[in-house]
Structure formats: C-alpha cells, structure tokens
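The next block holds one structure in the form of structure tokens; read it before the comments.
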Amino acid sequence: MKPPARLPRPLLCVTAAVATALVGCGTVNGTGTGTGNGSGTVSAGRTGGGADRSELEARARAAQVAIENVYVTDVPGFDPAEQSAGVIGDDGFSVTYVRQGTGAHIRLGVERGSMDAAGCPRVPLGDGGTGGAVKCTADGGRWYRTGGGRHEYATVTDGRLVRLDADLGTVDRATLRKAAEAAHPASDAELDAVLPDARPGGGAPVERGDLPPVGDGAPDNDVDAGG
C-alpha cells in the first residue's frame, strides 16, 4: 500500500518546536478572544452570527481542504489551537489540540486512504515522520501505533484515514484513545469554529511593479544617471 502523502501545508502556529511554549496561538472558544474553555469542544459562532453552508464551503476551498475531510474531536482538558487548522496532502485536514500551560498537544489529521496490517508499519508516524520503526497493534477496530517517542491511533472510516498522534511523554494512551473515539465529521457549527477565514483576494498573485511589459520577465534594475 502506498503511504498517504505527508506534506503538510497548514496555517500552523503550533508545531513541535512551539508546542512547549504555546506562544501566539489561542484556542477557539466561539468568541474570537483566543482563550480556551478546557472542554476540548469546538464552539460555534467565531464569526458572530454563524456562517451559512456556502460560506463554509468557500472557506474550505480557500484553505484547499475538502470540506468532508474536516473532522474534530472532544478531548477533555484540550482545546483546538486557533490558526493550527489547515490542509495536509492534496485536500486533507489537520488541527492541533493543546492543553494550556503544559506543552501537551494532540494532532488530528484526516486524509483519503486506508491502512492494513501489512501497510501499517510502513506509514510514517507523526507529522513528517519520526524516523524510527513503527510498531502497530490492533485495538478496537483501530491501529495503535508507536515509534520514535510518539504514539498514534489510526482509524479507517468512509474511505478516510483519521489519525491522532501525540508525544508519549505528555499524552497517555487512554487520553489518546478517547480522542480517537470522539473524532467525527465536523458539523456546520464546528466547521464555522475551526476553518480558517478566507483571505481577501484568494491568493491572487501579487502585481510586481519592477517587471517589464515584454521580454523574459526579469526585473528591470536600470537606474538613472548618478545611480
């Protein structure tokens, strides 16, 4: 089995390097204030009155995410970090849940794909892989995977691979299992809370003022007499 693409392109401000400090990322609590509620739930209403379905679909497209790949979970004591949501692979979705003040974080990732006993050890564990051997154990219809100081629950559902991974030293297996069991497709209210806002312009190319109208497009570095 060909492992799913692991080329994340999320709008991340929570990464492995920042997970300890947790600087610059608030948590989504439905008010836009950047503070968490500690419940692990994603509350609706980040945009005030709530977004309709067409706006949610536009926001998903702007993030290059297939809206059906947006999953959320409920992790007691953890909250989704704002600006941690984004695309992985072609049209998958990723969001990071953090426990404030501890450095503990759980990453939820969803991509199209599958996993079986033969392929499980070959799929890199964690965002980008840990570089270590992966050990796989069947656990309640899921795969429990360990390697390189991290662990993960991977679940195959509706043609998607839903993965929740964390550091072995900061998140115990029971907590990770609960997060995996609670993972589900986001409702409209949850989509409104977790999807990044669409940026004006939709990523249109920036117009350069120093490019000549003809030729190979190299910058025009000519200067007047005297430099």
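This is a predicted model, so every value here is computed, not measured. Worth knowing before you read on, the calculation uses all heavy atoms, side chains too, and leaves out hydrogens, waters and symmetry mates.
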> Which atom pair, heavy atoms only, marks the closest approach of Ala179 to Val75?
Replying inline: CB-CG2, 3.7 Å

> Distance from Tyr71 atom OH to Asp158 atom CG, nearest 0.5 Å?
Replying inline: 5.0 Å

>> If you apply the rule side chain to side chain contact (heavy atoms under 4.5 Å, CB included), what do you find for Leu168 with Arg150, and how did you get there?
In response: CA-CA 5 Å; Leu168 272 166; Arg150 297 190 68 79; 5.7 Å; no

> Does a side-chain N-to-carboxylate-O contact under 4.0 Å join Arg59 and Asp192?
Replying inline: yes

> Below 4.5 Å, heavy atoms only, C-beta onward: do Ser114 and Asp116 meet side chain to side chain?
Replying inline: no

> Are side-chain heavy atoms of His184 and Thr157 found at a separation under 4.5 Å?
Replying inline: no

> Between CG of Asp165 and OG1 of Thr96, what distance do you get to the nearest 0.5 Å?
Replying inline: 8.5 Å

> Which atom pair, heavy atoms only, marks the closest approach of Tyr97 to Pro80?
Replying inline: CD2-N, 3.5 Å

>> Within the 4.5 Å heavy-atom criterion, are Leu176 and Leu164 side-chain neighbours or not?
In response: yes

> Taking atom CD1 of Ile106 and atom CG of Asp167, what is their separation to the nearest 0.5 Å?
Replying inline: 11.0 Å

>> Can you pull out every salt bridge (charged side-chain N to carboxylate O under 4.0 Å, His left out) where at least one residue sits in residues 134-147? Sequence neighbours excluded, please.
In response: Asp139-Arg173, Asp139-Arg177, Arg145-Glu152

>> I need the Arg99 CZ to Thr170 OG1 distance, nearest 0.5 Å.
In response: 8.0 Å

> Can you tell me how far CD of Glu181 sits from CG of Asp74, rounded to the nearest 0.5 angstrom?
Replying inline: 12.0 Å

> With under 30° as parallel and over 60° as perpendicular, where do the rings of His151 and Tyr144 fit, or are they tilted in between?
Replying inline: perpendicular

>> Could you check whether any side-chain heavy atom of Val65 comes within less than 4.5 Å of a side-chain heavy atom of Asp91, counting everything from C-beta outward?
In response: no

> At their closest point, which heavy atom of Ala85 faces which heavy atom of Pro196, and how far apart are they?
Replying inline: O-CG, 3.6 Å

> Can you find a heavy atom in the side chain of Phe78 that is under 4.5 Å from one in the side chain of Val171?
Replying inline: yes

> Checking side-chain contact (heavy atoms from CB on, under 4.5 Å) against Val70, which of Val110, Leu195, Leu56 comes through?
Replying inline: Leu195

>> Restricting to non-hydrogen atoms, name the atom on Ala63 and the atom on Val87 that form the minimum distance, rounded to 0.1 Å.
In response: O-CB, 3.4 Å

> Which heavy-atom pair separates Ala117 from Pro121 by the least distance, and what is that distance?
Replying inline: O-CD, 3.4 Å

>> Between Arg163 and Arg107, is there a side-chain heavy-atom distance shorter than 4.5 Å?
In response: no

> Mind checking whether Asn69 and Arg160 have side chains closer than 4.5 Å, heavy atoms only?
Replying inline: yes

> What closest approach, in Å, do Cys120 and Val134 show between heavy atoms, and which atom pair accounts for it?
Replying inline: O-CG1, 4.3 Å

> Do Ser54 and Glu57 have side-chain atoms, one donor and one acceptor, less than 3.5 Å apart?
Replying inline: no

